[in-house]
Trainee: 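Just passing along the structure, written as C-alpha cells.
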Amino acid sequence: MTAIDTAIDTRVSAVHHGLIGLSRELYENPEVAWEEARSARRVAEQLADNGFTVTEKFGGLDTAFAARIGDGDLHLALCAEYDALPGLGHACGHNLISAITVGAATALAPLVDDLGLTLSVIGTPAEEGGGGKIELLERGGFDGLHAAAMVHPGPADVARARPFAVSHSHIEYHGKSAHAAAYPERGVNAADAFTIAQVAIGLLRQQLPHSVRVHGLMTRGGEAPNAIAERTEGRWYVRAETLAELAEIEPRVMRCFEAGALASGAQLTVTPESKPYAEFRTDEDLLACYERRALAAGRTFGSGPDATMARASTDMGNVSQVIPSIHPYIGIDSLPAVNHQPEFAEATMSSAAETAIAQGAVALAGTVVDAATQPAIRNRLLSNAS
C-alpha cells in the first residue's frame, strides 16, 4: 500500500462510527423526493465539519447542495442520494449511498492538494422518480466537472451498471359521479378507464421487446363503492434499453391509456413526473479502477439472478451521457430481501451494511486517487471537460 492508501484506510476507520450514525439517522427519518430537507442538511453538515465549503439550495433546488474542497485542475465529483421511497423508507438504500460518499470524501479531503484535485460532493435529491440530477444538469450543476462517481447498495456487488432508460408519468382520468345503484347510467366511470388501460397494457406485453418493462399502480381509485368513480389517478413507468427505444415504445403504452378514455368516456390527462432517465454510459478506465480497489478492500463481485439490481434505472444515467461516470453496486448480504422491499431497508442497518459503508468508502476514494495519479486517465479526463 502507498502512503495515500494507508491514509485513506486510517481516515475511513476513524470516521466509520460517524458514518454508521449518519446512515441510521437517515434511515430513521426518511424523506421522499423533493422533501429531503433534514437529510440534505445532515449530509452537508458532516461534510462541512470535515473542511468542505457547502453551497445550499444548489442549482436553485431546495434540497440539493454542493460541497467543495481543493483547487486542483482535475475536478471530480462524488454524488450523494438521500431520498426515500413512499411507504417503504430507505428500501433502496440511499442512506448507505450518503454514508459511503461522505466517507470517501472525508478520507480524500486532506489529500486533495497532493493529488492536484478539486473535489466536490453533489447532494442530488429526488432520484426515486423525480430526476434531481437531470434538473441539476440542466441548471449547470455538473458544468466544469471531469468525472462523477457513486456507489449504490444492492443484494450483491456488481461493478457495471446497466440501467434501463425510463419515463415516469402521472395518469389521471376524469369522469362523472352518480349513484352506482340508482343512477349508474348518469355516470362516467373513471375506474373503468383504468381497468381497460391495464388490460390493454397486459395484452400489449406479448408484442413488446424483452428489454421493455411497463409497470405502475393506481393511487386513487374513486371515493365510495356506491358512487361511480369520478376521478382516478396512477403513476406509471415505461422502461427500455435506451432512450431511443423508449421513444418508440412509450407512444404504444400511451395508446392503451387513450383506449381507456375512449371506451369509458372519461377524459385522460398524462403529466410527466420528470424528464426521461437515460441508459448508462460507463467509463471503462474508472470502472477498472473501482473494481481493483473494491477487490483490494475485501469485496467479491457476484453474477446471475442476485446481481440484477444493476438493471434498475437511475438519473445518474443522464450524468453519464455528459461526463465520464461510474455507478457500481455494493452488496449488503440482504438476500432473500432485495431492493424496494421493507426487509431491504432493515438490512441497511445490518453489520454487513456497516462493513459495506467502510469498504465502499475506501474503494470509492481509491478510485479517485487512481484517476488523479494515473497519467493516462488524468490527462484524458482533463482533455474532456464538460
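The structure presented is a predicted model; accordingly, all values stated were derived computationally and were not measured.
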Trainee: Check residues 63-75 and write down every donor-acceptor pair under 3.5 Å in which the side-chain atom is one partner and the other belongs to a residue at least two apart or another chain.
Mentor:
unit_1, atom_1, unit_2, atom_2, d
T63, OG1, E36, OE1, 2.7
D73, OD1, R378, NH2, 2.6
H75, NE2, S120, OG, 2.7

Trainee: Does any N or O in the side chain of S325 come within less than 3.5 Å of the main-chain N or O of I323, such that one atom is a donor and the other an acceptor?
Mentor: yes
Trainee: Could you tell me which residues satisfy ring pair (Phe, Tyr, Trp, His ring centres under 6.0 Å) with F257, sequence neighbours excluded, listed by chain and number?
Mentor: W236
Trainee: Side chain to side chain contact (heavy atoms under 4.5 Å, CB included), that's the test. Do F164 and V212 meet it? Break it down for me.
Mentor: CA-CA 8 Å; F164 294 102; V212 171; over 6 Å; no
Trainee: Under 4.5 Å between side-chain heavy atoms, chaining through other members, with only Ile, Leu, Val, Met, Phe, Trp and Tyr counted: pull out the rest of the cluster around V199, sorted by chain and number.
Mentor: L203
Trainee: With side chain to side chain contact (heavy atoms under 4.5 Å, CB included) as the criterion, how do Y173 and R231 come out once you've worked through the C-alpha distance, each side chain's angles and the decisive distance to 0.1 Å?
Mentor: CA-CA 6 Å; Y173 288 107; R231 180 180 169 193; over 6 Å; no
Trainee: Just jot down the ring pair (Phe, Tyr, Trp, His ring centres under 6.0 Å) partners of F301, sequence neighbours excluded, or say none.
Mentor: none
Trainee: Identify all side-chain donor-acceptor contacts of residues 48-61 below 3.5 Å with residues at least two apart in sequence or on another chain.
Mentor:
unit_1, atom_1, unit_2, atom_2, d
N50, OD1, R11, NH2, 2.6
N50, ND2, Q46, O, 2.7

Trainee: Checking T314 side chain against G317 main chain: does a donor-acceptor pair fall under 3.5 Å?
Mentor: no
Trainee: State, to 0.1 Å, how close A365 and L108 come at their nearest heavy-atom pair, and which atoms those are.
Mentor: O-CD2, 3.6 Å
Trainee: Measuring only between side-chain heavy atoms, which start at C-beta, is P155 closer than 4.5 Å to N339?
Mentor: yes
Trainee: Is N189 reaching over with its side chain to a backbone N or O of I228, donor-acceptor style, under 3.5 angstrom?
Mentor: no
Trainee: Can you get from V238 to M218 by hopping between Ile, Leu, Val, Met, Phe, Trp and Tyr side chains that sit under 4.5 Å apart?
Mentor: yes
Trainee: Does CZ in R186 sit with more than 12 non-hydrogen atoms of other residues, nucleotides or ligands closer than 6.0 Å?
Mentor: no
Trainee: Among residues two or more places apart or on two chains, list those pairs meeting salt bridge (Lys or Arg N to Asp or Glu O under 4.0 Å) that have a residue in residues 260-275.
Mentor: E135-K275, E138-K275, R235-E273
Trainee: Going by heavy atoms in the side chains, are L117 and V368 under 4.5 Å from each other?
Mentor: yes
Trainee: Which heavy atom of G141 sits nearest to which heavy atom of I122, and what is that distance?
Mentor: O-CD1, 3.8 Å
Trainee: In Å and rounded to the nearest 0.5 Å, what is the OH to CG distance from Y290 to D157?
Mentor: 6.0 Å
Trainee: Let's go through E45 and R42 carefully: what are the C-alpha distance in whole Å and the side-chain angles of both, what is the deciding distance for salt bridge (Lys or Arg N to Asp or Glu O under 4.0 Å) to 0.1 Å, and is it a yes or a no?
Mentor: CA-CA 5 Å; E45 285 174 352; R42 280 295 298 117; 3.3 Å; yes
Trainee: List the steps, then state whether side chain to side chain contact (heavy atoms under 4.5 Å, CB included) holds for I8 with L111.
Mentor: CA-CA 9 Å; I8 287 173; L111 307 172; 3.8 Å; yes
Trainee: Answer whether the closest heavy-atom distance between the side chains of C289 and Q374 falls below 4.5 Å.
Mentor: yes
Trainee: Of all heavy-atom pairs between P328 and M150, which one has the smallest distance, and what is that distance?
Mentor: CD-O, 3.1 Å
Trainee: Is there side-chain contact between H168 and P272, with at least one heavy-atom pair below 4.5 Å?
Mentor: no
Trainee: Heavy-atom distance under 4.5 Å between the side chains of D283 and R380, does that happen here?
Mentor: yes
Trainee: Does H327 reach the side chain of L287, with side-chain heavy atoms less than 4.5 Å apart?
Mentor: no
Trainee: Apply the test side chain to side chain contact (heavy atoms under 4.5 Å, CB included) to residues V43 and V102: give CA-CA distance (whole Å), side-chain angles for both, the deciding distance (0.1 Å), then the verdict.
Mentor: CA-CA 7 Å; V43 177; V102 170; 3.7 Å; yes
Trainee: Quick check: does any side chain N or O of E233 sit under 3.5 Å from a backbone N or O of G221, one acting as donor and the other as acceptor?
Mentor: no
Trainee: Holding to side-chain contact (heavy atoms from CB on, under 4.5 Å), I want the full list of residues that pass it with A278, two or more places apart in sequence or in another chain.
Mentor: L243, N318, Q321
Trainee: Please list, one pair per line, the donor and acceptor atoms closer than 3.5 Å that link side chains of residues 261-270 to other protein atoms, with sequence neighbours excluded.
Mentor:
unit_1, atom_1, unit_2, atom_2, d
S264, OG, G260, O, 2.7
S264, OG, A266, N, 3.1

Trainee: Give the cluster check for I201 versus F194: same hydrophobic cluster or not, with ILVMFWY residues linked at side-chain heavy-atom distances below 4.5 Å.
Mentor: yes
Trainee: Could you verify whether a donor N or O on one side chain and an acceptor N or O on the other, from H174 and E230, lie under 3.5 Å apart?
Mentor: no
Trainee: Within the side chain of N226, is there an N or O that forms a donor-acceptor pair under 3.5 Å with the backbone of A180?
Mentor: no
Trainee: Any donor-acceptor pair under 3.5 Å linking the side-chain atoms of T348 with those of H90?
Mentor: no
Trainee: Can any side-chain N or O of T101 pair as donor or acceptor with the backbone N or O of S98 at less than 3.5 Å?
Mentor: no
Trainee: Can you tell me if S177 and E223 form a side-chain donor-acceptor pair at under 3.5 Å?
Mentor: no
Trainee: Which atom pairs, donor and acceptor, lie under 3.5 Å between side-chain atoms of residues 246-254 and protein residues at least two apart or in another chain?
Mentor:
unit_1, atom_1, unit_2, atom_2, d
E250, OE2, S167, OG, 2.9

Trainee: Within a strict 4.5 Å, meaning less than it, do heavy atoms of the R293 and V369 side chains meet?
Mentor: yes
Trainee: Hey, quick one: are W34 and I97 part of the same hydrophobic cluster, counting side-chain heavy atoms closer than 4.5 Å, chains of contacts allowed?
Mentor: yes
Trainee: Quick check: closest heavy atoms across A84 and P30, and the distance to 0.1 Å?
Mentor: CB-CB, 3.6 Å
Trainee: Sub-3.5 Å donor-acceptor pair from the side chain of Y277 to the main-chain atoms of E127, do we have one?
Mentor: yes
Trainee: Quick check: does any side chain N or O of H94 sit under 3.5 Å from a backbone N or O of H152, one acting as donor and the other as acceptor?
Mentor: no
Trainee: Would you kindly confirm whether V32 and Y82 end up in one hydrophobic cluster when ILVMFWY residues are joined by side chain heavy atoms under 4.5 Å apart?
Mentor: no
Trainee: Could you list all the ring-ring contact (aromatic ring centres under 6.0 Å, His included) pairs where at least one residue sits in residues 198-230, not counting sequence neighbours?
Mentor: H215-Y237
Trainee: Report yes if some heavy atom in the side chain of P324 is under 4.5 Å from a heavy atom in the side chain of L381; otherwise report no.
Mentor: yes
Trainee: Is the shortest distance from a Lys or Arg side-chain nitrogen in R160 or E284 to a carboxylate oxygen in the other one below 4.0 Å?
Mentor: yes
Trainee: Hey, what do you get for OG1 (T106) to CG (L19), rounding to the nearest 0.5 Å?
Mentor: 6.5 Å
Trainee: Counting distance only, does the side-chain N/O of R299 pair as donor-acceptor with the main-chain N or O of G360 below 3.5 Å?
Mentor: no
Trainee: Between S23 and N95, which heavy-atom pair has the shortest distance, and what is it?
Mentor: OG-ND2, 3.1 Å
Trainee: At their closest point, which heavy atom of A352 faces which heavy atom of I332, and how far apart are they?
Mentor: CB-O, 3.4 Å
Trainee: Can you find a side-chain donor-acceptor pair between T242 and E279 that sits under 3.5 Å?
Mentor: no
Trainee: Just to verify, what does D192 make a salt bridge (charged side-chain N to carboxylate O under 4.0 Å, His left out) with, not counting sequence neighbours?
Mentor: none
Trainee: Can you list every salt bridge (Lys or Arg N to Asp or Glu O under 4.0 Å) pair that touches residues 81-100, not counting sequence neighbours?
Mentor: E81-K133
Trainee: Given the rule that I, L, V, M, F, W and Y join up when any side-chain heavy atoms are under 4.5 Å apart, are M349 and I20 in one cluster?
Mentor: no
Trainee: Output yes when a side-chain donor or acceptor of S350 lies under 3.5 Å from a complementary backbone atom of A347, and no otherwise.
Mentor: yes
Trainee: Measuring from atom CG of L115 to atom CG of D113, what distance do you get when rounded to the nearest 0.5 angstrom?
Mentor: 9.0 Å
